[in-house]
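One structure below.
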Amino acid sequence: SKTVTARTVFKNPHFFRSCFIFLMDGIQALIVTTLEDLELLKDMNPFAIFLKMKPSDLRLGIPQALSYPTLEVLDLFSNCIQDSGATMLEPLALNTSLFSLSLKSNYFTGKGIESICEMLSVNTNLCRLNISSNHLGLQGAGAVGQFLVTNSSLGGIDIGCCKVGEAVMELLVPGLL
């Protein structure tokens, strides 16, 4: 099992204009804010990428990041993707190498979470999924519950701060057993 803990080590202004380098279990991970910097990564075979881009760049950045065959960790925390932007996550349906995905705080509702669960259904390597701080609702909880039943590799899911009530938990329980 891999521990994903990151801290900022330094900013390298000579190589990337706006790319921060992190260490994760001794492996370099990068926080990328521009498409130009993301393009420079393709020859580095990155293990982990944290995308923090404007929405117009995310539409190109997410498919590009997911095309890297060595990518195991993708963090899209707080990019305001919303349900309407869930289609930019469609490359998840083709990716089978992702180990950890964070979609925390992206203003998804049950509809968006349902779409994401469908896209992730082919990934049998995904071990961690963070969808915390989104509005799960009954629709999203049903989709997550079904996803948990069909995805045996998922070892951890974070649904904190999703306004999860008793009815929502009832939909999740079968997948947790």
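Just so we're clear, the structure is a prediction, and the values are computed from it rather than from any experiment. In this chain, residues are counted from 1 in sequence order.
Asp83 contributes a side-chain N or O that, together with a main-chain N or O of Thr109, makes up a donor-acceptor pair within less than 3.5 Å. No donor-acceptor pair under 3.5 Å is formed between the side chain of Asn134 and the backbone N or O of Leu136. Ser153 places a side-chain N or O within 3.5 Å of a backbone atom of Leu126 that can act as its donor or acceptor partner. Using modelled atom types, one side-chain atom of Asn106 and one backbone atom of Ile81 make a donor-acceptor pair closer than 3.5 Å. A donor-acceptor pair is defined here as one N or O able to donate and one able to accept, closer than 3.5 Å; no such pair exists between the side chain of Asn123 and the backbone of Leu92. Side chain of Asp57 to main chain of Thr33: no donor-acceptor pair is present (N/O by atom type, distance under 3.5 Å, no hydrogens or angles). No donor-acceptor pair closer than 3.5 Å links the side chain of Ser132 to the backbone N or O of Cys161.
For the pair Asn151 and Leu129, the minimum side-chain heavy-atom distance is 4.5 Å or more. Using a 4.5 Å heavy-atom cutoff, the side chains of Arg59 and Thr87 are in contact.
Summarising the geometry of Cys80 relative to Tyr107, their closest heavy-atom pair is SG-CE1, 3.5 Å, with the distance given to 0.1 Å. In terms of heavy-atom proximity, Leu58 sits nearest to Met88 at CB-SD, 3.7 Å. What you find for Leu89 and Met119 is that their closest heavy atoms are O-SD, 3.2 Å. Taking both residues in full, the closest heavy atoms of Glu114 and Ala143 are given as CA-CB, 3.6 Å, listed atom of the first, atom of the second, then distance. The minimum heavy-atom distance between Ala65 and Ile49, with the atom names listed, is CB-CD1, 4.2 Å. Closest approach of Cys117 to Phe147, counting heavy atoms only: O-CD1, 3.8 Å.
Leu138 and Ile157 fall within a single hydrophobic cluster, where Ile, Leu, Val, Met, Phe, Trp and Tyr are joined by side-chain heavy atoms under 4.5 Å apart, directly or via other members.
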Worked check of side-chain contact (heavy atoms from CB on, under 4.5 Å) between Ile116 and Phe108: CA-CA 10 Å; Ile116 291 162; Phe108 291 118; 3.6 Å; yes
Stepwise side-chain contact (heavy atoms from CB on, under 4.5 Å) check, Thr96 with Thr124: CA-CA 7 Å; Thr96 57; Thr124 56; 5.8 Å; no
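Within 6.0 Å of the NZ atom in Lys52, the count of heavy atoms belonging to other residues, nucleotides or ligands exceeds 12.
Remark: Glu39 pairs with Lys42 by the salt bridge (Lys or Arg N to Asp or Glu O under 4.0 Å) rule, at least two apart or across chains.
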